[in-house]
Amino acid sequence: MQQYSEEELVERLRDPATQRSAFTQVVSLYSDKLYWQIRKMVMNHDDANDILQDTFMKAWMNIDGFRGDSKLSTWMHKIAVNECITFLNKQRTMNNVSIDDTDVYLLETLKSDEYFDGDEIDEKLQKAILTLPEKQRLVFNMKYYDDMKYEDMSDILGTSVGALKASYHHAVKKIEAILTDDI
């Protein structure tokens with residue numbers, strides 16, 4: 001499959017004659033990154049796969065509405081984040097879990113996931129990350145794991161770069177405090 005630049009890919013997505021093949025390339029390009037972004041939010045392999053499919057379905061159904069105001073990758077990440085938030089809110093409601101108890105619920109979900117092969121240290125890190133508020137956790141994951149630029153996060157989350165930097169800084173401090181308390 002020929003690789004296209006993001007600009008060329010967007011042009012191919014707008015052309016009905018090349019839209020399907022261009023979207024196949026979108027799926028190929030973004031599947032792994034989006035999967036791991038989603039997985040870090042919902043902790044479960046099967047749920048992450050389902051949300052990834054929902055993300056691509058939503059993108060496909062709304063591709064004609066993509067105006068190109070942001071990068072295609074930013075638009076895809078924004079859809080994935082919104083799908084995660086929707087999923088987590090549904091899970092909270094279905095399982096009668098308050099927002100304060102979510103970290104415990106998600107940690108149990110992670111531990112019971114047959115695809116989680118983390119050791120004790122990884123489990124401690126995940127547990128510490130899950131103590132963060134949802135948006136702070138998202139910012140931490142995007143910066144720490146994906147090394148995403150604050151400008152890109154700002155486009156995805158609709159938050160100022162300064163606020164994102166502060167959020168990441170606070171997240172790191174909280175995680176450090178939790179991990180050093182465990183030692």
Side-chain angles (χ1 to χ4, degrees), residues 1-89 113 115-118 122 125-126 129 132-172 175:
M1 178 186 319
Q2 182 178 350
Q3 294 293 327
Y4 295 93
S5 70
E6 186 161 305
E7 295 79 22
E8 293 169 323
L9 192 53
V10 169
E11 286 304 313
R12 290 177 43 80
L13 286 167
R14 289 193 173 125
D15 181 352
T18 57
Q19 194 174 50
R20 277 191 185 281
S21 65
F23 196 76
T24 299
Q25 187 175 355
V26 167
V27 171
S28 176
L29 279 173
Y30 299 115
S31 284
D32 283 348
K33 276 191 170 189
L34 291 175
Y35 169 82
W36 286 108
Q37 177 187 340
I38 293 165
R39 175 75 184 266
K40 287 179 215 114
M41 286 301 292
V42 300
M43 299 294 153
N44 178 280
H45 169 73
D46 292 332
D47 292 338
N49 270 339
D50 290 346
I51 294 168
L52 180 63
Q53 294 303 315
D54 292 344
T55 298
F56 284 124
M57 289 295 295
K58 188 162 269 184
W60 175 252
M61 293 170 64
N62 292 291
I63 199 69
D64 293 332
F66 177 68
R67 299 182 310 271
D69 296 341
S70 63
K71 293 191 294 188
L72 182 62
S73 58
T74 302
W75 185 66
M76 293 299 300
H77 279 280
K78 191 173 217 165
I79 293 171
V81 165
N82 289 335
E83 289 297 306
C84 283
I85 291 169
T86 299
F87 172 83
L88 290 170
N89 286 337
D113 186 350
Y115 296 98
F116 176 68
D117 59 359
D122 192 32
L125 176 60
Q126 292 305 319
I129 292 169
L132 300 173
E134 193 170 275
K135 190 160 185 177
Q136 206 172 61
R137 183 171 66 236
L138 186 58
V139 170
F140 179 83
N141 285 335
M142 290 172 145
K143 186 67 181 161
Y144 182 79
Y145 287 109
D146 302 332
D147 199 26
M148 192 177 285
K149 293 182 173 113
Y150 287 112
E151 292 76 16
D152 292 338
M153 281 191 267
S154 177
D155 290 342
I156 293 167
L157 300 173
T159 305
S160 73
V161 169
L164 291 169
K165 286 180 178 180
S167 186
Y168 180 73
H169 175 76
H170 292 301
V172 169
I175 291 168

Peer 1: Could you check whether any side-chain heavy atom of Trp36 comes within less than 4.5 Å of a side-chain heavy atom of Tyr145, counting everything from C-beta outward?
Peer 2: no
Peer 1: Quick check for you: to the nearest 0.5 Å, what is the distance between Ile38 atom CD1 and His77 atom NE2?
Peer 2: 9.5 Å
Peer 1: Sequence neighbours excluded, which residues qualify as ring-ring contact (aromatic ring centres under 6.0 Å, His included) partners of Trp60?
Peer 2: Phe23
Peer 1: Drop me the distance from Glu151's CD to Leu164's CG, to the nearest 0.5 angstrom.
Peer 2: 9.5 Å
Peer 1: What residues form a side-chain hydrogen bond (donor to acceptor under 3.5 Å, both in side chains) with Asn49, not counting sequence neighbours?
Peer 2: His45
Peer 1: Check whether any side-chain heavy atom of Ile79 sits under 4.5 Å from a side-chain heavy atom of Phe56, and report yes or no.
Peer 2: no
Peer 1: Does Thr86 reach the main-chain N or O of Asn82 with its side chain, forming a donor-acceptor pair under 3.5 Å?
Peer 2: yes
Peer 1: Got a donor-acceptor contact below 3.5 angstrom from the Ser28 side chain to the Thr24 backbone?
Peer 2: no
Peer 1: Side chain to side chain contact (heavy atoms under 4.5 Å, CB included), that's the test. Do Leu9 and Gln25 meet it? Break it down for me.
Peer 2: CA-CA 8 Å; Leu9 192 53; Gln25 187 175 355; 3.6 Å; yes
Peer 1: Would you call Leu157 and Met142 a side-chain contact if the rule is heavy atoms closer than 4.5 Å?
Peer 2: yes
Peer 1: Measure across Val42 and Ala48 and return the closest heavy-atom pair with its distance rounded to 0.1 Å.
Peer 2: CG2-N, 3.9 Å
Peer 1: Taking salt bridge (Lys or Arg N to Asp or Glu O under 4.0 Å) as the definition, give me every residue that meets it alongside Asp152, ordered by chain and number, with sequence neighbours left out.
Peer 2: Lys71
Peer 1: Could you grab the distance from atom NZ of Lys78 to atom NZ of Lys58, nearest 0.5 Å is fine?
Peer 2: 13.0 Å
Peer 1: Strictly distance-based, threshold 3.5 Å: is any side-chain N or O of Asn62 a donor or acceptor partner for the main-chain N or O of Gly65?
Peer 2: no
Peer 1: Is any side-chain heavy atom of Leu13 closer than 4.5 Å to one of Leu72?
Peer 2: yes
Peer 1: Determine yes or no for a side-chain-to-main-chain donor-acceptor pair under 3.5 angstrom, with Asp146 supplying the side chain and Met148 the backbone.
Peer 2: no
Peer 1: Measuring from Ser70:OG to Ile156:CD1, what's the distance to the nearest 0.5 Å?
Peer 2: 8.5 Å
Peer 1: Do the side chains of Val81 and Gln37 get nearer than 4.5 Å, heavy atoms only?
Peer 2: yes
Peer 1: State, yes or no, whether a side-chain contact exists between Glu134 and Met41 at a heavy-atom distance under 4.5 Å.
Peer 2: yes
Peer 1: Restricting to pairs with a member in residues 8-17, which pass salt bridge (charged side-chain N to carboxylate O under 4.0 Å, His left out), not counting sequence neighbours?
Peer 2: Glu11-Arg14
Peer 1: Do you see a donor-acceptor pair shorter than 3.5 Å between the side chains of His170 and Gln136?
Peer 2: no
Peer 1: Is the shortest side-chain heavy-atom distance between Asp64 and Gln19 below 4.5 Å?
Peer 2: yes
Peer 1: Can you name the closest pair of heavy atoms from Ala59 and Trp75 and give their distance?
Peer 2: O-CH2, 3.5 Å
Peer 1: Does Tyr30 reach the side chain of Val26, with side-chain heavy atoms less than 4.5 Å apart?
Peer 2: yes
Peer 1: Scan residues 24-36 for pairs that pass salt bridge (charged side-chain N to carboxylate O under 4.0 Å, His left out), counting only residues two or more places apart or in two chains.
Peer 2: none
Peer 1: Check for a donor-acceptor pair, side chain of Thr55 on one end and backbone N or O of Ile51 on the other, with a separation under 3.5 Å.
Peer 2: yes
Peer 1: Which residues pass the side-chain hydrogen bond (donor to acceptor under 3.5 Å, both in side chains) test with Thr159, sequence neighbours left out?
Peer 2: Lys135
Peer 1: Quick check for you: to the nearest 0.5 Å, what is the distance between Glu6 atom CD and Leu29 atom CG?
Peer 2: 9.0 Å
Peer 1: Please round to the nearest 0.5 Å and tell me the distance separating atom OH of Tyr35 and atom CD of Gln53.
Peer 2: 12.0 Å
